[in-house]
Each structure stands twice: as C-alpha cells, then as structure tokens.
There are 2 protein chains.
Amino acid sequence: MSTSTALADIRLPDDLPPPLPEPAVDELRLEAVMGALADPLRLIIIRKLLLESEAYDHSCGWFGFDRPKSSLTHHFKALREAGLIRQRQYGLERRSRVRLEDLDARFPGLIDLVKAWEPAAPIA
Amino acid sequence: MSTSTALADIRLPDDLPPPLPEPAVDELRLEAVMGALADPLRLIIIRKLLLESEAYDHSCGWFGFDRPKSSLTHHFKALREAGLIRQRQYGLERRSRVRLEDLDARFPGLIDLVKAWEPAAPIA
DNA sequence: ATCATAGTTCGATAAAACTCGTACATATCA
DNA sequence: TGATATGTACGAGTTTTATCGAACTATGAT
C-alpha cells in the first residue's frame, strides 16, 4: 500500500501535467455519477478505459469513435465534471483515465457494474 | 433458504394483485437504471424503501413528499419502467417495493450504493 | 347515491441534454 | 513560416425530461 517511509506519502509533482478542473473526492455526487453513466457512449468510454487501457491514459482519438469532435468533447467533459475521469493535457492530446481510487473510495462496487456491462448494440 | 419440500419452489399466485407492467429481469438495462437514479427525488424514494420499509410495500403517500400528485406519478413510473420498483394495486393505493432480487441478480452492488447515499440537501 | 381518497392522464411550459457544424486555439513538425 | 493534428468554444436545432394544473377514474366508506 505504501512505500518505504512515511514521508513517501508526500506526493511530488511527479512530472505529470496537472489535471484539468475536476470535483474533489468529497465533492463526488452519486446522482451526478449516475447521470453521467446513463449514456451508452459514456458507458462505453469508461468500460473501454477499464478493460483495455494498459496503465496508460488515452486520448480521445484512441477510442475510435465515428462522431464529430465537438460531440466527443461534450461527453468527455460530462465524464470529467461528474468525476469519473481525470484528464491531463499532453501536448496536443488530452488524455483520460478513470478515477479508480476516488470512485472506489466513494462508491465501492460502482466500477464493477460498468465492467460487467454489455452494450445493447454496437454504438460506434 | 428454502421451505420444507422442493415443490414449495412452485410459487402460487400468492393472492397478491398482479404487478403493473415492468421490464423482465433479462430486459433490465444498466443505462436505464442509472438514468432513473440520476434524480435526487428518485434516489430518496429507493433509499427510503430500502431503509425504512418493514417488509411492507408502500403507497405514494407514505413517503410524505410535498409535491403535486402528477409529479409523483411521473417519478414512480420512471422507476418502474427502469425496473427499479415493482408496483401493485391494492384497492385505491398503488404500493411499491424495490425489486431487490432482480437488481441483485443483474447489478450486484447497485443497491448498496443507494443505501450508502446521503442526500446533499433535504429535498422534501 | 354521495362523497372523499389515491392516483392517472393529458396538455402546456420550461429546463436540460444531445448532436453537430463552424470557427478558433495551440502544439508539433517539416 | 506554414501545414497538420488534437481538441475547445460557441451557437443552433432537436429531443428528452421535469414540473405542475386540471380534469378524470376508480375504490371504499357513510
């Protein structure tokens, strides 16, 4: 769980770009999270991040959705503002990851529901 | 878990009024369930049924919401059509219960999320 | 029969949310 | 410097959802 010393709990900037604005853990609201997951495309996004991302964050394009860019921006923003994903700017790309620890802390079991979900129909 | 004989597993009509139209277990959709739970009032309904109902089904009025009746009809219907509650007509009243077994079977862990939820503000 | 009760249905309005085109901003690379 | 790639911001059109009043239905009691 922790590294060798207690001081290791002080996280250094870690060289990562800072996350885009997002709700803090204690600001996460179940109703907002549910609302964000009420959309099939957004469920696909989260599920794909959970099942197929190998420890890397992924840009919008990685998902391969055949949708206008402005639509994708809309959905990724919805996920970020509900607290489901964290986004960081890497040069041109804005990469996303699921806020696993935060979600597990506030809503244990939620992530498993998304993992187990099967889309009704391929949505692209 | 079971009663004395195997034949007891054949459930007799049980003298209950038939449930209003509802999706079958295998028709339950996570996105629909999430959508139904994205509303604070509907979360309150489910949570109150989970925590305060002593093995009885409860009518609309039992909840004590200060809202027009047509609004309550709307929300109870939304919950029923998403598969979260089962409703039966008892004379004048239409009593509701959470579809616990069905939800546990399809979305294990979901109910616990609602149980643990705390409303941001009293909604009435 | 009359009356009150519990809830529905309909219709209108208003507020959100989704979808997408266009224009824009910025980083990377030749 | 200019071209390209990733993604945002804004705005319009469309759809969905919420809210609520008013009229209605059906049950149960007096």
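Reminder, nothing fancy here: chain letters follow the sequence lines and each chain counts from 1.
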Visitor: Please say which of B:Glu22, B:Gln87, B:His75 ends up in a side-chain hydrogen bond (donor to acceptor under 3.5 Å, both in side chains) with B:Arg80.
Guide: B:Gln87
Visitor: Rounded to whole Å, please give me the gap between NE2 in B:His58 and C1' in C:dA6.
Guide: 17 Å
Visitor: State which residues pass salt bridge (charged side-chain N to carboxylate O under 4.0 Å, His left out) with B:Glu27; sequence neighbours excluded, sorted by chain then number.
Guide: none
Visitor: Does a side-chain heavy-atom distance below 4.5 Å link B:Arg95 with B:Arg88?
Guide: no
Visitor: Would a distance-only check, ignoring hydrogens and angles, find a side-chain to backbone donor-acceptor pair under 3.5 Å from B:Glu31 to B:Val33?
Guide: no
Visitor: Could you tell me how far apart B:Met34 (CE) and D:dT16 (P) are, to the nearest whole angstrom?
Guide: 21 Å
Visitor: Output the rounded distance in Å from CG (B:Leu72) to P (C:dT9).
Guide: 14 Å
Visitor: Could you check how far CD1 of B:Ile85 sits from P of C:dG7, rounded to whole Å?
Guide: 12 Å
Visitor: Between B:Leu20 (CG) and C:dA6 (P), how many Å, whole number?
Guide: 18 Å
Visitor: So which protein N/O to nucleotides 18-21 of chain D N/O distances come out below 3.5 Å?
Guide:
residue : atom : partner : partner atom : Å
D:dA18  : OP1  : B:Arg42 : NH1          : 3.0
D:dA18  : OP1  : B:Arg42 : NH2          : 2.8
D:dA18  : OP2  : B:Arg42 : NH1          : 3.4
D:dA18  : OP2  : B:His74 : NE2          : 2.9
D:dT19  : OP2  : B:His75 : NE2          : 2.7
D:dG21  : N7   : B:Ser70 : OG           : 3.2
D:dG21  : O6   : B:Ser70 : OG           : 3.1

Visitor: All N/O contacts under 3.5 Å from nucleotides 24-30 of chain C to the protein, with atom names and distances to one decimal?
Guide:
none

Visitor: Please identify each residue that fulfils ring-ring contact (aromatic ring centres under 6.0 Å, His included) with A:His58, with sequence neighbours left out.
Guide: A:Trp62
Visitor: Taking atom P of C:dT8 as reference, at what distance in whole Å does atom NZ of B:Lys77 sit?
Guide: 9 Å
Visitor: B:Arg86 side chain to B:Pro19 main-chain N or O, any donor-acceptor pair under 3.5 Å?
Guide: no
Visitor: Would you kindly give the CZ-to-C1' distance between B:Arg94 and C:dT9, to the nearest whole Å?
Guide: 11 Å
Visitor: Check the pair B:Leu79, B:Val98 against side chain to side chain contact (heavy atoms under 4.5 Å, CB included), reporting the backbone distance first and the verdict last.
Guide: CA-CA 9 Å; B:Leu79 287 171; B:Val98 178; over 6 Å; no
Visitor: Among residues at least two apart in sequence or on other chains, which ones pass side-chain contact (heavy atoms from CB on, under 4.5 Å) with A:Glu118?
Guide: A:Arg47
Visitor: Can you give each donor-acceptor pair under 3.5 Å made by side-chain atoms of residues 105-116 of chain B, sequence neighbours left out, with the distance rounded to 0.1 Å?
Guide:
residue  : atom : partner : partner atom : Å
B:Arg106 : NE   : B:Val25 : O            : 3.0
B:Arg106 : NH2  : B:Leu28 : O            : 2.6

Visitor: In whole Å, what is the span from the CZ atom of A:Phe65 to the P atom of D:dG7?
Guide: 12 Å
